[in-house]
Number of protein chains: 2
Amino acid sequence: MSPTAQRPDALHPGAGGRATARPTLEEVAALAGVGRGTVSRVINGSPRVSAKAREAVQTAIAELGYVPNRAARTLVTSRTDSIALVVPEAETRLFSEPYFSDIISGVSAELAETDMQLLLILVRNQRERDRLSAYLTAQRVDGVLVVSVHRDDPLPGLLESLEIPSVLAGRRGDLEPLSYVHADNAGGARMAVRHLLRRGCTRVATLTGPLDMEVAQARLGGYRRALEEAGHAYDEDLVGLADFTEEGGRVAMRELLARKPELDGVFCASDVMAAGAMQVLRAAGRRIPDDVAVIGFDDSIVARHTDPPMTSVRQPIEEMGRTMARLLLDEIHERGRARRQVVLATELIVRDSA
Amino acid sequence: MSPTAQRPDALHPGAGGRATARPTLEEVAALAGVGRGTVSRVINGSPRVSAKAREAVQTAIAELGYVPNRAARTLVTSRTDSIALVVPEAETRLFSEPYFSDIISGVSAELAETDMQLLLILVRNQRERDRLSAYLTAQRVDGVLVVSVHRDDPLPGLLESLEIPSVLAGRRGDLEPLSYVHADNAGGARMAVRHLLRRGCTRVATLTGPLDMEVAQARLGGYRRALEEAGHAYDEDLVGLADFTEEGGRVAMRELLARKPELDGVFCASDVMAAGAMQVLRAAGRRIPDDVAVIGFDDSIVARHTDPPMTSVRQPIEEMGRTMARLLLDEIHERGRARRQVVLATELIVRDSA
DNA sequence: CTACAGTGTGGGAGCGCTCCCACAGCTGGG
DNA sequence: CCCAGCTGTGGGAGCGCTCCCACACTGTAG
């Protein structure tokens, strides 16, 4: 454990303190022998610059290690070159675990090419929600990405009326006016239920998320659709209302089991609910998948570690993040216009629980 | 340049369309009947303002809905009122799953009181690392939080020489010159191993993380210490070198089993490694915990869902995030001064695997 | 020859703040 | 009485950019 090799240079604040005075555009202009305007044009890629002026400027920039001052630019353009990713903290707990990081990772990957900054804003209570409103009203970001939307969330409405470019992960309902990206929840659910039916299940139940979220509705819709396509009547007793959490999954599963002991398959709208359900089923002496087959949704790490490993619907979360960022950048640069929607395909990952 | 976005002059020319033209400090001053200087003093909490002037200004601010323009302030103070959280993307995969979100959540909670912004910077390759260096050199944040540090990571050295306030999660080694926060890894490991010994294990093995990370070293150290305290000789054959990943855990466990079939306990330096190890053990016909007791580290969701549920060492990750933010704010405001270190206690969560 | 469009360029103005200097009013000591 | 020494205050200067106008210079048409 030797002392790590440090650059010797900064341990003594005395001598080498040249780093302080950052070169300005003016200095670049002087060194290149041109005016400020020309340097600015070069930096911003204007075509109205002669080849030799451009080259002189680029050389000077390199030599001085010049980096434009963002604040100065923002002050005059009132662009901030940054976007905010807004995450309601309450929701954070509901997410399939890598969800949050994967979204971030996708967004950040897409932004890496740009010189946009990513601001992270967690909102955990009303006070912070108000602060956020003030913040956004004050035009301090060029665009907003919102993760997780409840039907009655006031934020999207605010964004809409402020006309700030924004993209949602998920949507509030069918007629969402803002741009959004989401996974094909209905399709994934349908796929899962068809898989159960094909396996021979005849009494397929479902555990839903909170029905004021469109995701939950969509997954329930897919469940219903698959059953109807297969000629099964939709039976309300087979629907367990839950909330995406493990404990919620346990409770709902117990009720379901009491109400419909003959069920032989469960499609759960989240992996953690499925994990809870599996515990309850096992406690009730049901073997998985022999007596009851179980499918989750999200394909989170939890799915890989349950016993037996869980079959689950995977959504391309990182890709969602990328797409959100891409749509947002488009919207920022193309001066608004059309709202866009993207639906990404889901995929059934078959393991042993079904 | 294309016809750049000008502020549209009003959303709806009629009723409420005042939102567009953001009021400036000058307008506040005019309305309050004072000079710009006084308004600025009020906003920045200077004591040198008479009570009545202060009140007049506050009223005016409220009436106009004034919010200071950050860019203008940054331009003159060269404070940015933002800090960056830097996450090497490669590491992101190694983390116990809620790690990342919990750190963010803690940092963000602590920042909520302030009006500091949180910038998130993922670094996934050399190019982005270089960009980051340029970025930081250009002084575009007031402070930096760094998650996950390898012994040879160049970033901390850069931060040190730039003299940017910064706080690490973890440290590079014993003589880390930067401020840092970390969990009591050694203590947690020691606790875990003592638990195994108390249970009656006599051949306790361990699965380590990559040894160029101080975390891994510390956990190994705790393991070793507990054994020595109990009078057991340290046996290298009982040490499986791995990398924090599930697959790494599997491989190392297999080797360990081949080398020391008589082992009856395993302390794993991460939950996912432990999960992998448990699969291998079960496949080898060992019952958990009867034949081999297993303990993980992190107390991630994985631990709660393995079969049997895993005993694991919990580290207060959110609290680490909070503490990091707090230290960083101190360092920013007190302009340098002492580097600080905080070690947070770990806790053994006993479940069924040991 | 003049006229006139089209390039490329320099540099003034000004974005909204903070900093700081000057100065007005008020003590109170000499 | 004056002159320090306070407090509280107004407003000029200037942070580093972009925007845009004015001004060379071309070249081509009249």
Side-chain angles (χ1 to χ4, degrees), chain A residues 20-58 60-61 64-82 115 137-140 142, chain B residues 1-7 9 20-58 60-61 64-82 115 137-140 142:
Chain A
T20 338
R22 309 232 1 259
T24 71
L25 185 146
E26 189 107 37
E27 296 170 43
V28 174
L31 179 58
V34 301
R36 269 176 13 253
T38 301
V39 178
S40 181
R41 268 169 233 127
V42 170
I43 291 171
N44 295 291
S46 158
R48 309 216 141 316
V49 182
S50 68
K52 83 178 66 72
R54 178 184 319 274
E55 198 182 337
V57 169
Q58 276 160 348
I61 287 178
L64 294 175
Y66 169 75
V67 184
N69 180 315
R70 241 181 159 92
R73 175 181 290 169
T74 296
L75 187 55
V76 33
T77 61
S78 63
R79 275 183 293 119
T80 62
D81 290 323
S82 61
D115 67 340
T137 310
Q139 313 260 32
R140 278 197 300 220
D142 295 346
Chain B
M1 289 254 110
S2 61
T4 321
Q6 298 312 338
R7 323 189 169 200
D9 252 351
T20 336
R22 309 236 359 261
T24 71
L25 185 145
E26 189 108 36
E27 296 170 42
V28 174
L31 180 59
V34 300
R36 269 176 14 252
T38 301
V39 178
S40 181
R41 269 169 233 126
V42 171
I43 291 172
N44 295 291
S46 159
R48 309 215 142 316
V49 182
S50 68
K52 82 178 67 72
R54 178 183 319 273
E55 199 181 336
V57 169
Q58 276 160 348
I61 287 178
L64 295 175
Y66 170 75
V67 184
N69 180 316
R70 242 183 160 91
R73 176 181 289 169
T74 295
L75 187 54
V76 34
T77 60
S78 64
R79 276 182 293 119
T80 62
D81 289 323
S82 61
D115 68 340
T137 310
Q139 314 260 32
R140 279 197 299 221
D142 294 347

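In the text below, chain A, chain B and the rest are named by the order of the sequence lines, each starting its count at 1.
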Out of C:dG11, D:dC17, C:dT18, minimum distance to the side chain of A:Arg41 belongs to C:dG11

d(B:Asp81 CG, B:Thr74 OG1) to nearest 0.5 Å is 6.0 Å

Rounded to the nearest 0.5 Å, the CD atom of A:Glu27 sits from the CZ atom of A:Arg36 at a distance of 13.0 Å

note: A:Arg73, atom CZ; D:dC17, atom P; distance rounded to Å ~ 8 Å

Looking only at D:dT7, C:dC15, D:dC20, the nucleotide nearest the B:Arg48 side chain is D:dT7

Does A:Thr24 have a side-chain nitrogen or oxygen under 4.0 Å from the phosphate oxygens OP1 or OP2 of D:dC15?
-> no

Problem set entry | Phosphate-side-chain proximity, B:Thr77 and C:dC17, N/O vs OP1/OP2 below 4.0 Å | no

When rounded to the nearest 0.5 Å, the distance separating CD1 of A:Ile43 from OG1 of A:Thr38 is 11.0 Å

The nucleotide from D:dT9, C:dT9, C:dG10 with an atom nearest the side chain of B:Ala53 is D:dT9

CZ of B:Arg48 to OG of B:Ser46, rounded to nearest 0.5 Å, is 6.5 Å

When rounded to the nearest 0.5 Å, the distance separating CZ of B:Arg70 from OG1 of B:Thr77 is 10.5 Å

Separation of C:dC17 atom C1' from B:Arg70 atom CZ, nearest Å, is 14 Å

With five pairs defining each end axis, the helix from C:dC1-D:dG30 to C:dG30-D:dC1 comes out bent, to 10°, by 70°

Taken to the nearest whole Å, CZ/B:Arg54 to P/D:dG8 is 9 Å

Picking from C:dT9, C:dG16, C:dC17, the nucleotide nearest the side-chain atoms of A:Leu75 would be C:dG16

Side-chain atoms of B:Arg36 come closest, of D:dG16, C:dG12, C:dC17, to C:dC17

Result for 5'-nearest mapping on DNA chain D, choosing between B:Ala72 and B:Ser50, is B:Ser50

Residue-phosphate contact under 4.0 Å: B:Thr38 side-chain N/O, D:dG10 OP1/OP2:
yes

Examine D:dT18: is either OP1 or OP2 under 4.0 Å from a nitrogen or oxygen in the side chain of A:Asn44? Give yes or no.
-> yes

